[in-house]
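Residues take their numbers from the sequence shown, with the count starting at 1. All ligand and atom numbering here is 1-based and tracks the order in the structure. These numbers were taken from a predicted model, which means no experiment stands behind them.
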Amino acid sequence: MNKGENKRVPYTTSNINKCMCSECPVQADSQCAMDKLRKSKQEAGKLPAGQAPNPEDVPGIYCSIGKARCQDLNFDRQCICSSCEVWKEYGLKDVDPNNHFCQHGSAA
Ligand code: SF4
Ligand code: SF4
């Protein structure tokens, strides 16, 4: 089955807001991720309530949207997804991959 047809975590503003990726050490030194974070917050402020920004512009919720577009992440650092409400809510502990979705792709 195409992975995209079996997406476990919906791409919603509610889940975007719970995502911890913006505080993750893997992205901490990524200029690309910081730029996207700033721009996506600006964009989100202009959108109608509840409408999510373009996923290509959001540096997070990789468990839903798949691998990071930014190329300057440090995957040797620890993933903090296990501290995230989305991770708990959708049982991501029990899927493969269950961490570093920015590197490995979306949760199956
Ligand atoms: S589980 Fe990880 S990638 Fe998914 S929303 Fe939470 S912090 Fe972001
Ligand atoms: S998916 Fe995990 S490793 Fe990647 S940025 Fe989010 S919290 Fe960090």
Side-chain angles (χ1 to χ4, degrees):
M1 190 193 295
N2 181 329
K3 249 184 157 183
E5 294 169 6
N6 188 27
K7 206 168 274 177
R8 175 179 282 255
V9 181
Y11 181 73
T12 60
T13 49
S14 158
N15 285 341
I16 292 168
N17 291 338
K18 291 174 191 161
C19 178
M20 300 294 291
C21 291
S22 61
E23 295 174 33
C24 176
V26 169
Q27 298 200 130
D29 297 325
S30 165
Q31 189 62 50
C32 171
M34 293 305 118
D35 287 348
K36 281 186 186 290
L37 186 63
R38 187 169 34 79
K39 281 184 198 150
S40 66
K41 279 188 176 162
Q42 284 170 355
E43 191 191 337
K46 293 181 203 150
L47 291 170
Q51 189 173 322
N54 186 338
E56 293 188 7
D57 299 332
V58 176
I61 192 163
Y62 301 116
C63 58
S64 175
I65 65 173
K67 292 180 187 175
R69 270 117 177 138
C70 291
Q71 302 293 311
D72 56 352
L73 274 53
N74 185 344
F75 299 127
D76 294 335
R77 293 181 180 165
Q78 192 174 351
C79 172
I80 61 169
C81 284
S82 61
S83 67
C84 172
E85 285 305 315
V86 171
W87 197 81
K88 292 169 193 160
E89 191 176 329
Y90 293 92
L92 302 189
K93 176 166 67 73
D94 300 321
V95 302
D96 182 21
N98 67 6
N99 63 80
H100 289 87
F101 303 106
C102 53
Q103 178 183 22
H104 301 304
S106 59

State the atoms of ligand 1, each with its element, that fall below the 4.0 Å cut-off from a heavy-atom position in Cys19.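 Per the distance check, 5 (S), 7 (S), 8 (Fe).
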May I ask you to list the atoms of ligand 1 that are less than 4.0 angstrom from any heavy atom of Trp87?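 Taking each heavy atom of Trp87 in turn, ligand 1 has 1 (S) under 4.0 Å.
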So, using side-chain hydrogen bond (donor to acceptor under 3.5 Å, both in side chains) as the criterion, who are the partners of Gln42 when residues are at least two apart?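 Once residues adjacent in sequence are excluded, Gln42 has no partner under the side-chain hydrogen bond (donor to acceptor under 3.5 Å, both in side chains) criterion.
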Can you report which non-hydrogen protein atom sits closest to atom 6 (Fe) of ligand 1, along with the distance?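 Checking every protein heavy atom, the shortest distance to atom 6 (Fe) of ligand 1 gives Cys84 SG, 2.4 Å.
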To the nearest 0.1 Å, how far is atom 7 (S) of ligand 1 from its closest protein heavy atom, and which atom is that?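 Atom 7 (S) of ligand 1 sits closest to the protein heavy atom Met20 N, 3.2 Å.
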With a cut-off of 2.8 Å, does Cys63 put an N/O/S atom close enough to atom 6 (Fe) of ligand 1?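 Of the N, O and S atoms in Cys63, none lies under 2.8 Å from atom 6 (Fe) of ligand 1, which means no.
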Does [X] pair with [Y] as a salt bridge, N-O distance under 4.0 Å?
{"X": "Lys88", "Y": "Glu85", "answer": "yes"}
{"X": "Asp57", "Y": "Lys41", "answer": "no"}
{"X": "Lys18", "Y": "Glu89", "answer": "yes"}

Are the gamma sulfurs of Cys32 and Cys70 separated by less than 2.5 Å?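 A disulfide is present here, as the SG pair of Cys32 and Cys70 is separated by less than 2.5 Å.
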Does a side-chain heavy-atom distance below 4.5 Å link [X] with [Y]?
{"X": "Ser106", "Y": "Tyr62", "result": "no"}
{"X": "Ser30", "Y": "Met34", "result": "no"}
{"X": "Leu92", "Y": "Cys63", "result": "yes"}

Heavy-atom donor-acceptor pair, Ser64 side chain to Val9 backbone, under 3.5 Å: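 Yes.
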Taking atom 4 (Fe) of ligand 2 as the centre, how many protein N/O/S atoms fall inside a distance shorter than 2.8 Å?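 The number of such protein atoms is 1.
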With heavy atoms of Ile80 as the reference, note each atom of ligand 2 found under 4.0 Å away.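 Near Ile80, the atoms of ligand 2 are 7 (S).
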